[in-house]
Amino acid sequence: SAKDMKHRLGFLLQKSDSCDCSSSQNKKEKISSSQSVSQEEVRKWAVSLENLIHHDRGLAAFHAFLKSEYSEENIEFWVSCEDYKKTKSPAKLSPKARKIYDEFISVQATKEVNLDSCTREKTSHNMLEPTLSCFDEAQRKIFTLMEKDSYRRFLKSSYYLDLVSPPVAGCGPKNCRRNHTHTLDCNSNIISQCS
């Protein structure tokens, strides 16, 4: 259900300090049929990064893929900016902006995103009087970076391929439709997750 996906997405986007990604990278989470997404919808994800990240299930799969590449800070920054732009209370703008800046943009950021010095400088200047659009340019740059780089790799990865063309039920290793380097359960779609 949509509620379950929001809960799962929220869990995926939280980065636990106790999370040991190297040991849990081998852990797989099976996605049950009740949470499945139509093949038509999955194919739309290949049309544009925008289609992918504006769908809860697509965003979760892309986040899991980026996590496997140790570059999840990009999508986490993008999601944080989207959430920030929905801030209704002017009193909350400054503290929320500061949190995003400290986490993703400052030179001591724990999840520093790859921005050019000009964009970083402009965003730093915007922090003097934060507005709903103070991260727009930085968010655009990170979106473009993901679109040109990690999104293309995602479309060739098992994270996407197993959703767009799931193995048929009851298939064995000899008659699976595709061979790939990841060990997969032939009866289910799998998304890797750090838990």
Side-chain angles (χ1 to χ4, degrees), residues 1-17 19 21 24-88 92 96 99-100 103-104 111 113 132-133 135-136 138-167 169 180 182 184-185 187-195:
S1 72
K3 189 175 182 181
D4 289 338
M5 276 313 301
K6 284 191 181 204
H7 174 72
R8 183 181 307 278
L9 182 59
F11 177 76
L12 280 174
L13 295 180
Q14 289 176 354
K15 185 166 185 172
S16 167
D17 292 339
C19 176
C21 290
S24 59
Q25 210 173 4
N26 295 330
K27 292 180 184 177
K28 301 289 183 184
E29 180 188 355
K30 295 179 185 181
I31 304 300
S32 71
S33 58
S34 65
Q35 296 168 322
S36 64
V37 62
S38 74
Q39 291 296 297
E40 184 183 339
E41 193 64 48
V42 173
R43 283 189 202 92
K44 285 180 187 173
W45 300 349
V47 174
S48 73
L49 176 58
E50 211 164 272
N51 286 355
L52 173 69
I53 60 182
H54 282 97
H55 188 282
D56 285 349
R57 187 75 191 277
L59 180 61
F62 189 53
H63 183 268
F65 169 73
L66 291 177
K67 200 161 204 156
S68 77
E69 291 197 332
Y70 303 100
S71 62
E72 68 269 21
E73 69 279 353
N74 291 327
I75 194 64
E76 289 175 8
F77 171 68
W78 186 88
V79 168
S80 294
C81 290
E82 287 296 291
D83 179 59
Y84 175 78
K85 288 190 272 191
K86 295 172 187 163
T87 305
K88 301 246 189 299
K92 291 182 180 176
K96 277 180 113 174
K99 186 177 187 282
I100 292 170
E103 191 173 2
F104 299 104
K111 300 177 183 180
V113 291
L132 288 175
S133 61
F135 294 110
D136 284 3
Q139 187 185 19
R140 259 193 310 276
K141 297 270 179 161
I142 293 304
F143 180 90
T144 302
L145 182 73
M146 290 190 296
E147 190 175 42
K148 290 181 177 175
D149 187 36
S150 47
Y151 171 61
R152 292 178 183 179
R153 286 195 308 279
F154 168 77
L155 293 177
K156 295 174 185 171
S157 76
S158 65
Y159 291 85
Y160 177 71
L161 295 176
D162 290 334
L163 291 171
V164 77
S165 180
H180 37 73
H182 299 280
L184 298 173
D185 174 359
N187 297 321
S188 62
N189 298 325
I190 309 173
I191 292 180
S192 179
Q193 176 182 325
C194 188
S195 54

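Note that the structure is predicted; figures quoted are calculated from it, not measured. Below, each value reflects all heavy atoms present in this structure, side chains not excepted, and no hydrogens, waters or symmetry copies.
Nearest heavy-atom pair, Leu161 versus Lys156, reported as atom, atom and distance to 0.1 Å: CD1-O, 3.4 Å. Residues Val79 and Leu59 share a closest heavy-atom pair of CG2-CD2, 4.0 Å.
Checking Leu163, Asn51, Val164 one by one against Arg43, the side chain to side chain contact (heavy atoms under 4.5 Å, CB included) holds for a single residue, Val164.
How far OG of Ser71 is from NE2 of His63: 9.5 Å, rounded to the nearest 0.5 Å. Taken from OH in Tyr84 to NZ in Lys86, the straight-line distance is 14.5 Å, to the nearest 0.5 Å. The NZ atom of Lys88 sits 9.5 Å away from atom CG of Leu132, with the distance rounded to the nearest 0.5 Å. Between the NZ atom of Lys111 and the CG atom of Asn74 there is a distance of 11.5 Å, given to the nearest 0.5 Å. Atoms CD1 and CZ, from Ile53 and Phe62 in turn, are 7.0 Å apart once rounded to the nearest 0.5 Å. The structure places NZ of Lys92 at 13.5 Å from NZ of Lys99, a figure rounded to the nearest 0.5 Å.
Residues Glu73 and Glu103 are not in side-chain contact: their nearest non-hydrogen atoms beyond the backbone lie 4.5 Å or more apart. With contacts defined as side-chain heavy-atom distances shorter than 4.5 Å, the pair Leu145/Val113 does not qualify. Residues Trp45 and Arg57 form a side-chain contact, since some pair of their non-hydrogen atoms from C-beta on lies under 4.5 Å apart. Residues Leu66 and Met146 have side chains in contact (heavy-atom distance under 4.5 Å, counting atoms from C-beta outward). In this structure, the side chains of Glu50 and Glu147 stay at 4.5 Å or more apart for every pair of heavy atoms. Using a 4.5 Å heavy-atom threshold, the side chains of Phe135 and Ser80 count as separate.
Listed for the Ser133 side chain is no donor-acceptor partner under 3.5 Å among the backbone atoms of Asp136. Formation of a donor-acceptor pair under 3.5 Å by the Tyr160 side chain with backbone atoms of Ala61 is not found in this model.
Residues passing the ring pair (Phe, Tyr, Trp, His ring centres under 6.0 Å) test with Tyr151: none are found, sequence neighbours excluded. For Phe77, the ring pair (Phe, Tyr, Trp, His ring centres under 6.0 Å) criterion is met by Phe104, not counting sequence neighbours. Checked against side chain to side chain contact (heavy atoms under 4.5 Å, CB included), Arg153 has the following partners two or more places apart in sequence or in another chain: Phe65, Glu69, Asp149, Ser150.
In Lys85, the NZ atom is crowded: over 12 heavy atoms of neighbouring residues, nucleotides or ligands sit closer than 6.0 Å.
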